[in-house]
Amino acid sequence: MFGLLPRDENPVDLFEQQSGLIVSGARVTAATLLFFLVVAGGVATAMDVGALVAPLQAASERGSFGSVGGRAYEEGKRGGAAATPYTAVSVLLLPRSPEFESELEAIKAGSRESLDAYVEAEPKVSAARLAFEQALIGSGAGQLILGEASAADGAFHFQRVPEGAWTLLAWRETPHAKKPVAMKRSEAQRYKSRPQIFGHTAVVFWSMPVTVKAGEEVTVRLHDRNEWLTGIREDRRVPDENQPTVPQTQQGAAPR
């Protein structure tokens, strides 16, 4: 099931694997990841997870299930134009938590304060999500982490969702590669350990409350007009030592 985290995994490895912070070989430092996890983990430990999930677990035990279905797409740009489906959108249903939702909104609000805050928003959202998932699993409620990916037509569907309050969190990733600036040989040797930007991944998030009722289906639409947050994940890594460098021209030599 999408989103479930094994209990014996290292939290840094989990964060790297699930948030996608390894991009084409890029690796965010373990210290940075642990910082985000500790900060976000404060929210998870502050909530009473047992009380939070009890109504959903009770609904599951008595067989009170509904369903959630929907589509992810870009609306037609002109009148009557067909919508373009979004494929492979990650969609999660998590038990609704006021603390978790407040943390997400605080990250969103803070992302407007500076360029650095904007760049940090995506990993903070991912860290908050993972911390919440870890708290659910630690309380024995891992089965309430429900995940799907949108199909080729943008559709997704959750069956047998326990009746109650949920939060739908979804995201779509679009990578943008970039060739790093070529350096002269002397510069390449001097700054060989300095990370360079090899591009970035644009990450669009949707976040919304969903209330499920037994025997009914909730229909959700994720499109370009109801996006919750747009962030980026930079692909920063140390260049390959074998990367071609710009050869130095001998002083006084005329270019050919």
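With sequence neighbours left out, the side-chain hydrogen bond (donor to acceptor under 3.5 Å, both in side chains) criterion links Thr87 to no other residue. Qualifying salt bridge (charged side-chain N to carboxylate O under 4.0 Å, His left out) partners for Glu75, counting only residues two or more places apart in sequence or in other chains: Arg225. Thr167 meets the side-chain hydrogen bond (donor to acceptor under 3.5 Å, both in side chains) test with Glu101; sequence neighbours excluded. In terms of the side-chain hydrogen bond (donor to acceptor under 3.5 Å, both in side chains) criterion, Glu227 has no residue partners (sequence neighbours excluded). Every residue two or more places apart in sequence or in another chain that forms a side-chain hydrogen bond (donor to acceptor under 3.5 Å, both in side chains) with Arg96 is listed here: Thr211.
To the nearest 0.5 Å, atoms OG1 (Thr219) and CD (Glu217) are separated by 5.0 Å. The structure places CZ of Arg160 at 11.5 Å from CG of Leu146, a figure rounded to the nearest 0.5 Å. Summarising the geometry, atom CG belonging to Leu104 is positioned 6.5 Å from atom CG belonging to Leu169; distances are rounded to the nearest 0.5 Å. Rounding to the nearest 0.5 angstrom, the gap separating the CZ atom in Arg129 from the CD atom in Gln134 is 11.0 Å. Atom CD of Glu133 sits about 5.5 Å away from atom CG of Leu92, to the nearest 0.5 Å. Residue Leu56 holds its CG atom at 11.5 Å from CD of Glu61, rounded to the nearest 0.5 Å.
The existence of a salt bridge linking Glu103 and Lys124 is excluded, since no basic side-chain nitrogen approaches an acidic carboxylate oxygen closer than 4.0 Å. At a threshold of 4.0 Å, the pair Lys77-Asp224 counts as salt-bridged, since one of the basic side-chain nitrogens sits closer than that to a carboxylate oxygen. Ion pairing of Glu122 with Arg233 is present here, as a side-chain N (NZ or NE/NH1/NH2) and a carboxylate O approach within less than 4.0 Å.
Between the Ser90 side chain and the Ala170 main chain, no donor and acceptor come within less than 3.5 Å of each other. Within the 3.5 Å criterion, the main-chain N or O of Ala59 finds no donor-acceptor partner in the side chain of Glu163. The closest donor-acceptor contact from the side chain of Thr201 to the backbone of Pro175 lies at 3.5 Å or more, if one exists at all.
Atom CD of Glu74 has more than 12 neighbouring heavy atoms from other residues, nucleotides or ligands inside a 6.0 Å radius.
Judged as a salt bridge (charged side-chain N to carboxylate O under 4.0 Å, His left out), not a single pair has a partner in residues 107-116 (not counting sequence neighbours).
If you chain together hydrophobic residues whose side chains sit under 4.5 Å apart, Met208 and Val212 fall into the same group.
Counting heavy atoms from C-beta outward, Val68 and His157 have side chains that stay 4.5 Å or more apart. Contact annotation: the side chain of Asn226 approaches that of Trp206 to within less than 4.5 Å [non-hydrogen atoms, C-beta and beyond]. Looking at heavy atoms from C-beta onward, Val218 lies out of side-chain contact with Trp166 at the 4.5 angstrom threshold. Using a 4.5 Å cut-off on side-chain heavy atoms (C-beta onward), Asp153 and Tyr73 make no contact. Residues Ser60 and Phe65 meet the side-chain proximity criterion, which asks for heavy atoms closer than 4.5 Å. The shortest distance between side-chain heavy atoms of Val91 and Phe158 falls below 4.5 Å. Between Val49 and Leu136 the shortest side-chain heavy-atom distance falls below 4.5 Å. Counting heavy atoms from C-beta outward, Pro85 and Arg71 have side chains that approach closer than 4.5 Å.
Below 30°, between 30° and 60°, or above 60°: for Phe205 and Trp228 the angle between ring planes is above 60°, a perpendicular geometry.
Closest of all the heavy-atom pairs between Ile232 and Tyr118 is CG2-OH, 3.7 Å. The two atoms that bring Ala121 and Ser111 nearest to each other are CB-CB, 3.7 Å, heavy atoms only. Across Phe156 and Leu168, no two heavy atoms sit closer than the pair CE1-CD1, 4.4 Å.
Taking the six-membered ring for Trp and the full ring otherwise, the centers of Phe132 and Phe100 sit less than 6.0 Å from each other.
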Q | side chain to side chain contact (heavy atoms under 4.5 Å, CB included) assessment of Gln57 paired with Leu144 | A | CA-CA 8 Å; Gln57 292 174 326; Leu144 295 178; 4.0 Å; yes

